[in-house]
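Worksheet: one structure, shown below.
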Amino acid sequence: MPEAILAYAGYRYLRHFTYGWRTWRAPARVPLHLGRRGYRDATTRRRGDATWPIGLAATGQVWLRREDLVQGLSFFSDGPDWHSEVAANLVFGACLNRMGAIVVQSTAADMMTAQLAEVARPFGRDGEIRAVDLRQAPRQPLLISTANLADAIADLRLGPEASAVNRALLPIIEMLASRYRKSALDLYQAFTDETAFKRLLSGEYEIDRKNVSADTASSADGAAFRAVLKPLKEIPKDQRETGRKALVAHAGELAALTSVSLTNGLDLKKALLAGGLVCIRPSSPLTTALVIARCTEALASMAPGQAAHTLVHIVYPDVLSGVSAQRFREAAAKAGAIGSLAHPARPAHHVQKAIRKGGALRIQSRQVKGGVIPLRGKIASTLKDCPFDLDLGLPDLPESNDSEMGADAGNR
């Protein structure tokens, strides 16, 4: 009996010496399941605690910590299917870590609801998937603000004149929409018309076939109207007209939008805090810019670390300015959320310039003459304590067998 006790004590000592003090080098981080067995990570000098599966390299599984991904994650590929695989893998990681996720997919791609539901099903979360298809009219529109509209118009690269006119015009429209209980988006189209715009500058407007002038209105209403009109009148005439013409092209689209609302609808901030799974498909560059502006506003309004259990992944189009990508990244990092952006293999110069300093982790698809290789890529890490470059195989996740589910899920 004493010999058995001595042997067991020797085993425990050797095991603790071998695993308890020695550090181990993984392709990236040592995963949590090995950390629980005593393996210490050479990059952190602590027991392994990585919980996010990235893929498989030649030297083994690639795992990262949630804190690593908060420093910024970027994907680059020209393959639409590759981008869908990436989004599904991110949702898998979110489910594995009991986190919420918002996926803003490409306007041209099929709705990903069915694919994401298959990924979430093993975790019992397939019923949580909420689809917001802005190409159709969802039962509950997406709630936006006039600040989102101002940021979205600026993001469309219409020029400084259009941004200046838009920012000066929105407070006027907001005031009149509130006073007359009208849709601000409808008024936006009405007041960017050339004739109505000129009348507005002279202190007059027409609503419900009723002519109103700042001079004939009550003293309080007239003073308020003149005050809100002043910034628009201060813009030089030629710049005003150039900006108005640029805005007219999008005013009709705004008036026709039934998928967004300035008064009620799905609040993305509440969705972030609730930790659910949301899939959004924009209908155009304008609605994409609106969704990005709304996500950024929601994240920026949170206290540091308040969104620590959330991932937001956005397929970012080159037609936008790139400034919104930078703002989104900063807001996500401040709130503690994982902010992920997907780009073409070679983003446009203005986008590349805006994002070049953002994102500690970059994953590029593997390309051959015939196109993009599915589930293959190369990851480059600039994490301070864990830099590496690896060829990577993405996890092969289940595919949906119900091609119609994406359309039906929009009614959930």
Is the closest side-chain donor-acceptor distance between E253 and S284 under 3.5 Å?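 Yes - a donor-acceptor pair under 3.5 Å links their side chains.
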Self-check item: Side-chain (R157) to main-chain (S321) donor-acceptor, under 3.5 angstrom
Solution: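 It does not hold such a pair.
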* What are the two closest non-hydrogen atoms of A293 and D151, and how far apart are they? ->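 Between these two residues, the closest heavy atoms are CB-CB, 4.0 Å.
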Does a side-chain N-to-carboxylate-O contact under 4.0 Å join [X] and [Y]?
X	Y	result
R121	E118	yes
K378	D391	no
D68	R29	yes
E194	K198	yes
D49	R65	yes

Identify each donor-acceptor pair in which a side-chain atom of residues 348-356 lies under 3.5 Å from a protein atom, sequence neighbours left out, and give them as a table.
residue, atom, partner, partner atom, Å
H350, NE2, D318, O, 2.9
H350, NE2, L320, O, 2.8
R356, NH1, K353, O, 2.6

(request) Please work out whether the ring planes of H313 and F75 are parallel, tilted or perpendicular, with thresholds of 30° and 60°. (result)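 Perpendicular: the ring planes of H313 and F75 meet at over 60°.
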Item to check | Aromatic centroids of Y316 and F328 separated by under 6.0 Å | outcome: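 When the ring centroids of F328 and Y316 are compared, they turn out to be at least 6.0 Å apart.
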Listing request: all salt bridge (charged side-chain N to carboxylate O under 4.0 Å, His left out) pairs with a residue in residues 81-104, at least two apart in sequence or in separate chains.
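Non-adjacent pairs meeting salt bridge (charged side-chain N to carboxylate O under 4.0 Å, His left out): zero.
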